[in-house]
There are 2 protein chains.
Amino acid sequence: MTTAIDLRGLVREIPDFPKPGILFRDLTPLMRDPDGWQEVIRQLGVLCDRLQPDLIVGIESRGFIVGTALATAVRLGFVPVRKPGKLPGAVTGVDYELEYGSDRLEIQSDALADGGRVLVVDDLLATGGTAAACAELITAAGGNLCGFGFVAELAALGGRRRLPEPHPVESLIIYG
Amino acid sequence: MTTAIDLRGLVREIPDFPKPGILFRDLTPLMRDPDGWQEVIRQLGVLCDRLQPDLIVGIESRGFIVGTALATAVRLGFVPVRKPGKLPGAVTGVDYELEYGSDRLEIQSDALADGGRVLVVDDLLATGGTAAACAELITAAGGNLCGFGFVAELAALGGRRRLPEPHPVESLIIYG
């Protein structure tokens with residue numbers, strides 16, 4: 001996508017984080033840049049125009065940054081998906097495998113009770129494990145998944161192929 | 001503050017979370033309610049009009065929800081303050097005491113290098129320990145703290161008195 005604002009130029013590359021051999025794409029300079037960040041939210045707003053979600057779901061914790069900014073801009077409600085034990089009240093959870101070990105995501109059981117259309121947003125699509133687990137969680141909680149939006153995607157990791165068909169997946173910045 | 005929207009009515013009380021004897025104020029129904037949430041951000045926007053910050057800082061992870069929503073609405077940049085080891089690149093940290101044990105907050109060392117005015121936002125002001133530590137961190141990183149904004153405050157816990165003078169502290173919902 002061609003824009004007047006170079007979003008990619010506002011992403012900082014940090015070698016060997018969080019461990020040796022990993023080139024980390026640091027989106028914080030983009031979040032700190034008012035014009036760049038407005039453009040991120042504008043582009044994700046276009047995705048909302050297309051997919052017409054009723055709610056935005058963001059995955060803890062960088063997905064909160066993208067998700068609430070978007071939800072506020074498009075005047076929708078926001079629902080957090082969190083690490084285990086963080087959400088009060090009745091929760092629905094899903095366990096999923098990581099490269100080493102496993103993890104768990106939770107959502108409040110009544111959060112999607114209206115059965116509305118849910119857009120999942122996160123900062124980065126990497127292996128797709130977390131986003132795929134979030135999709136499973138949304139279905140388990142009675143929500144109606146309508147698509148995914150990411151600020152950046154590491155395409156070489158194949159995360160897009162792990163996400164459930166036929167839901168659209170949009171990433172604003174794609175690294176090969 | 002009198003508003004047409006009853007923000008307090010959108011907060012859910014959950015007894016015995018995260019441990020027995022604690023009455024947890026759950027703000028997620030407010031985040032999920034588009035009109036309620038727009039009103040939260042509108043009121044925090046009025047605080048921004050008054051304090052004229054250059055940047056919004058939000059504390060991981062529920063402070064991300066409030067902070068980025070506000071930053072996006074008022075067209076400012078957002079800077080995350082995170083738990084240790086989460087932020088890439090050079091970081092500045094501060095250790096602080098909790099009721100049991102201690103914790104640490106970090107910020108990227110260059111995030112506030114321009115010396116601008118910083119508004120700290122979080123969902124809840126309770127004992128004030130985390131917000132006071134965040135204030136210390138902002139000063140250590142070269143920022144110019146201009147005030148605090150919270151969605152809710154548990155006034156009986158006296159958190160407001162732990163925050164550094166003379167910075168204004170605004171909470172939209174105050175519980176006695």
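In what follows, chains carry the letters A, B, and so on, assigned in the order in which the sequence lines appear, proteins first and then strands, with residues in each chain numbered from 1. Quantities reported herein were computed from a predicted structural model and do not represent experimental measurements.
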Chemist: Drop me the distance from A:I14's CD1 to B:L87's CG, to the nearest 0.5 angstrom.
Modeler: 9.0 Å
Chemist: Does any backbone or side-chain atom of A:P88 lie under 4.5 Å from a heavy atom of chain B? Answer side chain, backbone, both or neither.
Modeler: both
Chemist: For each of B:D110, B:L70, B:L76, B:L55, tally heavy-atom pairs with chain A at distances under 4.5 Å, and name the one with the top tally.
Modeler: B:D110
Chemist: Answer with yes or no whether the hydrophobic clustering places B:L105 together with B:L119; edges join I, L, V, M, F, W, Y residues whose side-chain heavy atoms lie under 4.5 Å apart.
Modeler: no
Chemist: Measure distances from B:I65 to the heavy atoms of chain A and classify the residue's part below 4.5 Å as side chain, backbone, both or neither.
Modeler: both
Chemist: Under 4.5 Å heavy-atom distance to chain B, tell me which part of A:I41 shows up: side chain, backbone, both or neither.
Modeler: side chain
Chemist: Any chain of hydrophobic side-chain contacts (each under 4.5 Å) joining A:V66 to A:L172?
Modeler: yes
Chemist: Roughly how far apart are A:R82 CZ and B:R62 CZ, rounded to 0.5 Å?
Modeler: 5.5 Å
Chemist: For A:F24, is it the side chain, the backbone, both, or neither that has a heavy atom closer than 4.5 Å to a heavy atom of chain B?
Modeler: side chain
Chemist: Grab the two heavy atoms, one from B:T72 and one from A:Q38, that are nearest each other, plus how far apart they are.
Modeler: O-NE2, 2.9 Å
Chemist: What part of A:F64 lies closer than 4.5 angstrom to a heavy atom of chain B: side chain, backbone, both or neither?
Modeler: both
Chemist: Identify the two heavy atoms, one from A:G77 and one from B:P34, that lie closest to each other, and give their separation to 0.1 Å.
Modeler: N-CG, 3.7 Å
Chemist: Do you know which two heavy atoms are closest between B:T68 and A:T68, and how far apart they sit?
Modeler: OG1-OG1, 2.8 Å
Chemist: Taking B:I138 as the starting point, is it possible to reach B:L47 by hopping between hydrophobic residues whose side chains are less than 4.5 Å apart?
Modeler: no
Chemist: At what distance, to the nearest 0.5 angstrom, does CZ of A:R32 lie from CD1 of B:I56?
Modeler: 14.5 Å
